[in-house]
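All residue numbers refer to positions in the sequence shown, counting from 1.
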Amino acid sequence: MVWLTESSTPDDLRIYAIGDVHGCLTQLQSVHRWIVEDISSQPTAEWKIIHVGDYVDRGEDSRGVLDYLVHCCAEDDRVICLKGNHDLMFRAGIGGDERLTEIWLRNGADATLASYDLSVDDFIKRHRDGRGFEGTVPNSHLSFIEGLDHKLRLGDYLFVHAGINPKRRLEDQEPDDMLWIRDRFIHSGREFDAVIVHGHTPSRKIDVRPNRVGIDTGAVFGGEMSCLVLEGHRKLRLTENGRVPLTCAR
């Protein structure tokens with residue numbers, strides 16, 4: 001069992017964890033630029049960049065975000081993307097899943113569709129007429145979403161999109177909980193087998209708790225896209241002006 005105060009990354013590994021993107025390409029590119037500058041000014045033996053999901057919906061350039069991340073992951077396997085519930089809904093909607101499509105259309109799908117030059121009416125008509133999206137949504141984007149993992153364990157940290165079911169062991173977690181859970185996890189005071197780093201639930205600033213760190217700071221709602229830095233026992237926020245130490249709320 002691990003509390004945040006005791007948690008550590010694997011030896012010689014620096015982790016940059018980026019919160020929910022939601023089509024905010026310019027902010028995402030800025031955060032990646034800060035990371036390049038941070039690595040240049042403070043070299044490290046090894047590093048990883050981890051995105052905790054929700055690349056599409058609500059923001060103005062979901063297509064651009066997927067183009068950018070497909071390229072980043074292909075160029076360097078130290079850039080890792082996990083799946084978010086909006087990414088799942090996007091793929092399910094394009095694939096014709098009626099239940100998830102209905103939910104997706106109520107939760108920012110219009111912005112994603114617009115980035116592919118589709119209106120909601122166009123989208124619905126294509127489904128009704130049995131037409132696919134070949135040539136409209138690139139196969140590289142669909143394959144990228146399909147290939148995303150739900151979780152990643154590094155040292156004392158478990159990275160997921162939404163959180164975990166507090167009543168299950170880490171190895172027994174269900175994908176649905178890791179993509180969708182909120183209150184049962186957010187309000188849990190339990191000590192887990194790892195500190196959970198997650199997005200999904202927006203907060204004004206990085207939400208540092210004894211058993212979890214929430215890194216969705218609402219970029220698409222006017223907040224600054226967050227980048228958490230974990231190295232050894234250190235926990236910091238990376239900003240345009242450099243590193244800022246984080247303190248734990250209790």
Side-chain angles (χ1 to χ4, degrees), residues 2-22 24-55 64-84 87 144-145 147-161 170 178 192-200 205-208 212-217 219 223-248:
V2 183
W3 289 119
L4 183 71
T5 51
E6 306 156 352
S7 61
S8 178
T9 62
D11 291 343
D12 300 319
L13 176 64
R14 181 185 300 161
I15 300 170
Y16 299 94
I18 299 174
D20 299 32
V21 179
H22 282 302
C24 297
L25 176 60
T26 300
Q27 287 201 58
L28 178 62
Q29 291 172 324
S30 294
V31 172
H32 275 237
R33 186 170 63 251
W34 302 344
I35 292 172
V36 170
E37 292 168 356
D38 189 69
I39 294 171
S40 177
S41 64
Q42 303 192 53
T44 180
E46 187 56 273
W47 55 264
K48 291 185 185 296
I49 300 173
I50 301 170
H51 305 82
V52 297
D54 277 6
Y55 310 113
V65 166
L66 291 181
D67 273 334
Y68 182 72
L69 290 175
V70 167
H71 173 77
C72 288
C73 292
E75 287 287 303
D76 197 320
D77 62 8
R78 293 173 293 186
V79 179
I80 299 165
C81 293
L82 300 177
K83 184 176 290 185
D87 312 313
F144 173 76
I145 297 294
L148 298 178
D149 287 330
H150 294 94
K151 62 182 177 179
L152 177 66
R153 176 74 183 261
L154 291 171
D156 292 326
Y157 298 97
L158 180 72
F159 299 85
V160 296
H161 175 63
L170 295 188
M178 291 185 282
F192 306 127
D193 288 334
V195 173
I196 313 302
V197 179
H198 66 95
H200 188 59
K205 59 183 180 179
I206 291 180
D207 189 14
V208 187
R212 64 177 183 85
V213 183
I215 60 172
D216 178 5
T217 45
E224 183 179 86
M225 191 175 295
S226 57
C227 180
L228 172 70
V229 184
L230 300 170
E231 187 170 20
H233 291 282
R234 290 187 292 171
K235 295 90 179 170
L236 311 118
R237 178 171 187 166
L238 186 62
T239 72
E240 183 178 11
N241 299 313
R243 298 175 170 201
V244 178
L246 291 170
T247 56
C248 184

- [ ] Among Arg237, Arg33, Arg14, find the one that has a salt bridge (Lys or Arg N to Asp or Glu O under 4.0 Å) with Asp38.
- [x] Arg14
Task: Trace of the side-chain contact (heavy atoms from CB on, under 4.5 Å) decision for Val195 with Val2 - done: CA-CA 6 Å; Val195 173; Val2 183; 4.1 Å; yes
Task: Side-chain donor/acceptor of Arg78 to backbone N/O of Ile80, under 3.5 Å - done: no
Task: His161: which of Asp87, Asp54, Asp216 passes side-chain hydrogen bond (donor to acceptor under 3.5 Å, both in side chains) - done: Asp54
Open item on the list: Test your reading of the model: is there a side-chain donor-acceptor pair from Asp149 to the backbone of Leu82, 3.5 Å cut-off?
Closed with: no
Open item on the list: List the residues meeting ring pair (Phe, Tyr, Trp, His ring centres under 6.0 Å) with His150, not counting sequence neighbours, and say none if there are none.
Closed with: none
Task: Pairs satisfying side-chain hydrogen bond (donor to acceptor under 3.5 Å, both in side chains), at least one member in residues 42-52, at least two apart - done: His32-His51
TODO: In sequence, state the C-alpha distance, the side-chain angles, and the governing distance for Ile39 and Tyr16, and then conclude on side-chain contact (heavy atoms from CB on, under 4.5 Å).
DONE: CA-CA 10 Å; Ile39 294 171; Tyr16 299 94; 3.3 Å; yes
Open item on the list: When you measure from the side chain of Thr9 to the backbone of Gly155, do you find a donor-acceptor pair of N or O atoms at a distance under 3.5 Å?
Closed with: no
- [ ] Look only at the side chain of Ser7 and the backbone of Leu4, and say whether a donor-acceptor pair between them is shorter than 3.5 Å.
- [x] yes
TODO: Report yes if some heavy atom in the side chain of Ile50 is under 4.5 Å from a heavy atom in the side chain of Leu154; otherwise report no.
DONE: yes
TODO: Begin with the C-alpha distance, continue with both residues' side-chain angles, and end with the deciding distance and a verdict on side-chain contact (heavy atoms from CB on, under 4.5 Å) for Tyr68 and Val21.
DONE: CA-CA 12 Å; Tyr68 182 72; Val21 179; over 6 Å; no
TODO: Assess whether atom NZ of Lys205 is packed by more than 12 heavy atoms of other residues, nucleotides or ligands within 6.0 Å.
DONE: no
TODO: Can you measure from CZ (Phe159) to CD1 (Ile18) and round to the nearest 0.5 angstrom?
DONE: 11.5 Å
Open item on the list: Pair Ile206, Val213 - check side-chain contact (heavy atoms from CB on, under 4.5 Å), show working.
Closed with: CA-CA 7 Å; Ile206 291 180; Val213 183; 3.6 Å; yes
